[in-house]
*Asks:* 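Can you read through this structure? Questions will come right after.
Note that these values count all heavy atoms, side chains included, but never hydrogens, waters or copies made by symmetry.
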Amino acid sequence: MSTSETPARTRVERYNPTEIEPRWQARWEELALHRTDLHDTSRPKYYLLTMYEYPSGDLHIGHWYIKTPTDAISRYRRMTGWNVFFPVGFDAFGLPAENAAIKSGAQPREWTMRNIEIMSRQLRTMGATFDWSSEVVTCEPEYYRWNQWFFLKFLEQGLAYRAMAPVDWCPKDQVVLAREQVEGANRVCWRCGTPVIKRDLEQWFLRITKYADELLDFKDIDWPEPIRVQQTNWIGRSEGAEVVFTTAPADHHPGGEELRVFTTRPDTLFGATFMVLAPEHPLVEALTAPSQKQAVDAYIYQTRRETEIERLSTDREKTGVPLGTDAINPVNGEGIPIWIADYVLAGYGTGAIMAVPAHDERDYAFAQKFGLPIRRVVAPPGTADDATLEAAYSAHTADERLVASSHYNGMTAPDGARAITIDLETRSLGKTSVTYRIRDWLISRQRPWGTPIPVVYCERDGIVAVPEDQLPVLLPDHWEYRAEGGNPLEHDEAFLNTTCPRCDGPARRETDTMDTFVDSSWYWWRYLSPHDDTQAIDRSLDEVWCPVDQYTGGAEHAVMHLLYSRFFCKALNDLGIVREREPFKRLFNQGQILGADGERMSKSRGNVQDPDDLVQRYGADSVRLFLMFMGPWDQGGPWSPTGINGVSGFLRRVWTVALDPHGHEGGDQAAGALPAGEDAAAAEHALRVAAHRTLQQVTEEHAGFRWNTMVAHLMELTNLLMRYRGTEVAGDAGWDEAERLLLLMLAPIAPHISEELWSRRLAAAGEEWRSIHAETWPTFDPALVAVDQIELPVQVNGKLRDLVQVAAGLPEAEIEALVMTRPKVQANLEGRTVVKVIHVPGRLVNIVVR
RNA sequence: GCGGAAGUGGUGGAACGGUAGACACGCUGGCCUUAGGAGCCAGUCCUCGCAAGAGGGUGAGGGUUCGAAUCCCUCCUUCCGCACCA
């Protein structure tokens, strides 16, 4: 059998990412390609930040999903002329280190540092352009001392204060529990199974509420709408009135005590038929009649076992207990019974409400359950006075009016609200008021692995701040965990015993540490000068580099980290420490990668995808590309164990067309021949046009981080090159241009293979090596992307009936005339009258017939 | 429950209010030759049909429009957050 007619399959070197990738990573490091000169002002700066990681020990595919597209942004920005700063660090304090310590006996610090080492190594396999020279690790004293310093500044400014707040408490272990340490619907301690109860402790707060109104303003930042909405709802500004009720005298109570309520509906004050206090309200004990004491105590205990989510759920049965005392309504002197119920929270408003069952759903449900009166005070015209309310009426219509409200009758609800509030104000029994759902930030944690709060308790001077020059207050190196007795710092005599900075007498250190969200509220400033021991933030670098131009990370941080960071920025600006009032100019929230089973990845479910295995098997470039290809970046989704074959095959094809343009595989009968009716000039032109159109699309896709369609477009271009492989145009100028653009476009997203093929191109051309990542992003030729022929869909009554080829720029009338002559159109027009023709130039023609 | 987001082939997804299903996975068929986690070509939304073609189709139901996956309303399902996980 002769083989002369089909050329032997060419044997090119196989694409071998495991050989290529470490080699280029080492080269880039050697050349310090990603070390950012923060003082270089020759190019515009671009601060690119991705949320730093908690060192849990394993980098999983979700970390790659955040970081590799962000790296593509970094590389693209560099190619388009920016001085990019792209740092990396670790959020190193936190509960998992303590849990591991309790389980294994290792010290949290050792465990954390070991994990950081492992994760740093794994991070390097991504081939990302992190500037490791600015790495930050928050559990290092050189970092957390500045948390302490900020705390002292906040304390001076009244932004930090101490107050009582409930914690989840295990009565057996005598320990404060984190939410995740409280298990099951019956809320028991994770270690001993004892029912958990809320207990009040003196704790430290940061006054984020001072900035509530400013935090509602997003005009200077370009953030996704859903995040802005979530923050707005979280802050939850409500305008209304505070109204002063007084208690009525009773056998057990002299009366005359003030009871302030907050309401958004002062217009419904005449409809208040009872009052509800939060079970934690300070007056509950004094107002409870002896006959009610037992029921009230039992109810308070029950409430202290519930979560706020349970308490606020609107679809569960309402519960409550009357105290046996009345409150006097200031507008009509009427006495109404006072109840306690869990749906009223101590921390919101004044912890007390006037209940207006006719006009509030929750109050309505409560009144129904306990047979309390329901009195309508707002009604649309024509409503009979005695018509029963089937549900709370809380709608607002233009023609509704106040009824049964004394001389306010006939007013609209908003007018009534204003009038009633003004009248109360003149009697000093009320005032307009604004309440926020957001509460001050509780930063105290009764745990050892965090930043010690820098205050001491002196028998003589009370609470005394540690002076700045005595910072940092160092965590002890080692501590013992006990089965009982809570925070080990409370048993560490060397840590505990100190002297009062004011009187030099004996003092005890604060053992609470800070919420780790304090660490993450300013870490991007520290990247600029991570080892500076004279100041937290280098103001001159802040002025050049901040705010962050682009921040990337998960949407699960919408209301906590991202709000705390904005708060910190404003507070630090007020302290004169930083220049800006917003930390992150632009934000992108990527989605979450789930396990192949569609569930959240976790070790216990056994569905964690390890990137190391994938890198070993397919190479980092394939993993990067697959994560970008699987769907829109903000969407995430389940991991597909087979999908990666697609991008891996794509990169092999890129390799093949680059290194073996003249060869072809044996399976295609038409291989080596140009498409029918196409000559070499047409083929070359087709390649050029495709390359430049792809470049135009890819450039646009970079602006919107649309990686999935970007990869698809690069696949199309590669498929086209594959089609012309082995033909007479392979390797010609048009082919070569397409090939060159393909590699440049690939560089930000698949950095290793593009660097390898680029270096071989340069070598083949006898040119000196220069990294593809130092090349300039190409620009497309407008003449080549211009469209000359368009395929125009023709519809009859909105249904597709035909496609016509027309020259771009053909006059509309000519197109319409042409369309009418088409047989398929004719067939559909037969026997019907043309009503009108909709012609969207360049898009379609729709003929409407009757 | 409250707040946010998403529902399109067997699967991941594509589609400025204008040709639904680009690009892939998987599967089927053909080819190549041989050990490569291979490669090449073709087909692949559903129904009817050899085909040309016809009809249906974007979670469900309604609406706006010449035209709706896209906009509006109601409902259903899934995912994320709810303040001590980070």
*Asks:* Tell me if the aromatic rings of Tyr348(A) and Tyr436(A) count as close, with their centers under 6.0 Å from one another.
*Replies:*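 Not close enough - the centres of the two rings lie 6.0 Å or further apart.
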*Asks:* OP1 or OP2 of A14(B) less than 4.0 angstrom from a side-chain nitrogen or oxygen of Asn708(A), does that happen here?
*Replies:*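 Answer is yes, contact under 4.0 Å.
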*Asks:* Classify the angle between the aromatic ring planes of Tyr551(A) and Trp524(A) as parallel (below 30°), tilted (30 to 60°) or perpendicular (above 60°).
*Replies:*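 Tilted.
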*Asks:* Using the closest heavy atom to pick a nucleotide of RNA chain B for each, name whichever of Val647(A) or Gln635(A) lands nearer the 5' end.
*Replies:*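 Comparing both residues, the 5'-ward one is Gln635(A).
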*Asks:* Just N and O in the side chain of Asn797(A): are any of them under 4.0 Å from OP1 or OP2 of G67(B)?
*Replies:*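 No.
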*Asks:* Using OP1 and OP2 only, check whether a side-chain N or O of Ser640(A) sits under 4.0 Å from G12(B).
*Replies:*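 No, outside the criterion.
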*Asks:* Name the pairing partner of G55(B), where a pair is Watson-Crick or G-U wobble with both distances under 3.5 Å, or state none.
*Replies:*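 Matched G55(B) with C46(B) under the 3.5 Å cut-off.
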*Asks:* Remember a base hit wins even if backbone is also touched, and classify Phe629(A) as base, sugar-phosphate or nothing at under 4.0 Å, heavy atoms.
*Replies:*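 Base, at least one base atom sits under 4.0 Å.
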*Asks:* Is the phosphate of G18(B) approached by Asn846(A) (side-chain N or O, under 4.0 Å from OP1 or OP2)?
*Replies:*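 Answer is no, no contact under 4.0 Å.
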*Asks:* Describe the nucleic acid contact of Lys824(A) in one word from base, sugar-phosphate, nothing, applying a heavy-atom distance below 4.0 Å.
*Replies:*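 The residue Lys824(A) makes sugar-phosphate contact but no base contact.
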*Asks:* Is there, by distance only and without an angle test, a donor paired with an acceptor across the side chain of Gln181(A) and the base of C85(B) below 3.5 Å?
*Replies:*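 A donor-acceptor contact between them is absent.
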*Asks:* Within the 4.0 Å heavy-atom criterion, would you say Trp441(A) contacts the bases, only the backbone, or no part of the nucleic acid?
*Replies:*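 Nothing: the residue Trp441(A), judged by heavy atoms under 4.0 Å, touches no strand.
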*Asks:* Pick base, sugar-phosphate or nothing for Arg653(A), based on heavy-atom distances below 4.0 Å to the nucleic acid.
*Replies:*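 Sugar-phosphate contact only.
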*Asks:* If you look at every strand shown and take non-hydrogen atoms under 4.0 Å, does Arg801(A) touch a base, only sugar-phosphate, or nothing?
*Replies:*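 Sugar-phosphate, backbone atoms only, no base.
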*Asks:* Roughly how far apart, to the nearest Å, are G10(B) and G81(B) at atom P?
*Replies:*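 Straight-line distance between the two P atoms is 31 Å.
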*Asks:* Just to be sure I understand the rule, does Val840(A) reach a base, reach only the sugar-phosphate, or reach nothing, if contact means heavy atoms closer than 4.0 Å?
*Replies:*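 Val840(A): base contact, heavy atoms under 4.0 Å.
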*Asks:* Using a heavy-atom cut-off of under 4.0 Å over every strand shown, decide if Glu98(A) touches base, sugar-phosphate, or nothing.
*Replies:*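 It contacts nothing in the nucleic acid.
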*Asks:* Quick one: label Val176(A) by what it contacts on the DNA or RNA (base, sugar-phosphate, nothing), any heavy atom closer than 4.0 Å.
*Replies:*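 Counting heavy atoms under 4.0 Å across all strands, the contact made by Val176(A) includes a base.
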*Asks:* May I ask which nucleotide in the shown strands pairs with G1(B), Watson-Crick or G-U wobble, both distances under 3.5 Å?
*Replies:*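 When the pairing criteria are applied, C82(B) turns out to be the nucleotide that pairs with G1(B).
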*Asks:* What does Ile438(A) touch in the nucleic acid at a heavy-atom separation under 4.0 angstrom: a base, only the sugar-phosphate, or nothing?
*Replies:*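 Ile438(A): base contact, heavy atoms under 4.0 Å.
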*Asks:* According to the interplanar angle, ranging from 0 to 90°, do the rings of Tyr54(A) and Trp111(A) count as parallel (below 30°), tilted (30 to 60°) or perpendicular (above 60°)?
*Replies:*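 It falls in the tilted class, 30° to 60°.
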*Asks:* Between Trp234(A) and Ile227(A), which is nearer to the 5' end of RNA chain B once each is assigned its nearest nucleotide?
*Replies:*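 Looking at RNA chain B, the more 5' nearest nucleotide goes with Ile227(A).
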*Asks:* Give one of base, sugar-phosphate or nothing for Ile309(A), where a contact means two heavy atoms less than 4.0 Å apart.
*Replies:*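 Base contact - Ile309(A) has a heavy atom under 4.0 Å of at least one base atom.
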*Asks:* Looking at Trp707(A) versus Phe629(A), is the centre-to-centre ring distance below 6.0 Å?
*Replies:*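 Trp707(A) vs Phe629(A): aromatic centres not under 6.0 Å.
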*Asks:* Hey, are Arg653(A) and Asn719(A) close enough side-chain-wise for a donor-acceptor pair under 3.5 Å?
*Replies:*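 Note: Asn719(A) and Arg653(A) side chains meet the donor-acceptor criterion.
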*Asks:* Counting just side-chain N and O atoms, does Asn719(A) come under 4.0 Å of either OP1 or OP2 of A24(B)?
*Replies:*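 It does, given that an N or O in the side chain of Asn719(A) lies less than 4.0 Å from OP1 or OP2 of A24(B).
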*Asks:* How about Phe90(A) and Tyr52(A): are their ring centres within less than 6.0 Å of each other?
*Replies:*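 No: the rings miss the under 6.0 Å criterion.
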*Asks:* Remember a base hit wins even if backbone is also touched, and classify Asp168(A) as base, sugar-phosphate or nothing at under 4.0 Å, heavy atoms.
*Replies:*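 Contact class for Asp168(A): none.
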*Asks:* Over all strands shown, is Glu791(A) touching base, sugar-phosphate only, or nothing at heavy-atom distances under 4.0 angstrom?
*Replies:*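 Here Glu791(A) touches the bases of the nucleic acid.
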*Asks:* From C66(B), A14(B), C85(B), pick the nucleotide closest to the side chain of Pro632(A)?
*Replies:*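 Taking heavy atoms from C-beta onward, the closest nucleotide is A14(B).
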*Asks:* Within the structure shown, what part of the strands sits under 4.0 Å from His561(A) by heavy-atom distance: base, sugar-phosphate, or nothing?
*Replies:*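 If one applies the 4.0 Å heavy-atom cut-off, His561(A) turns out to touch nothing in the nucleic acid.
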*Asks:* With a non-hydrogen cut-off below 4.0 angstrom, is Met722(A) in contact with a base, only sugar-phosphate, or nothing?
*Replies:*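 Sugar-phosphate, backbone atoms only, no base.
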*Asks:* Reckon Arg445(A) has a side-chain N or O less than 4.0 Å from the OP1 or OP2 of C84(B)?
*Replies:*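 Indeed, a polar side-chain atom of Arg445(A) lies that close.
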*Asks:* Compute the centroid of each ring, for Trp633(A) and then for Phe588(A), and state whether the two points are separated by less than 6.0 Å.
*Replies:*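 For Trp633(A) and Phe588(A), the ring centres are under 6.0 Å apart.
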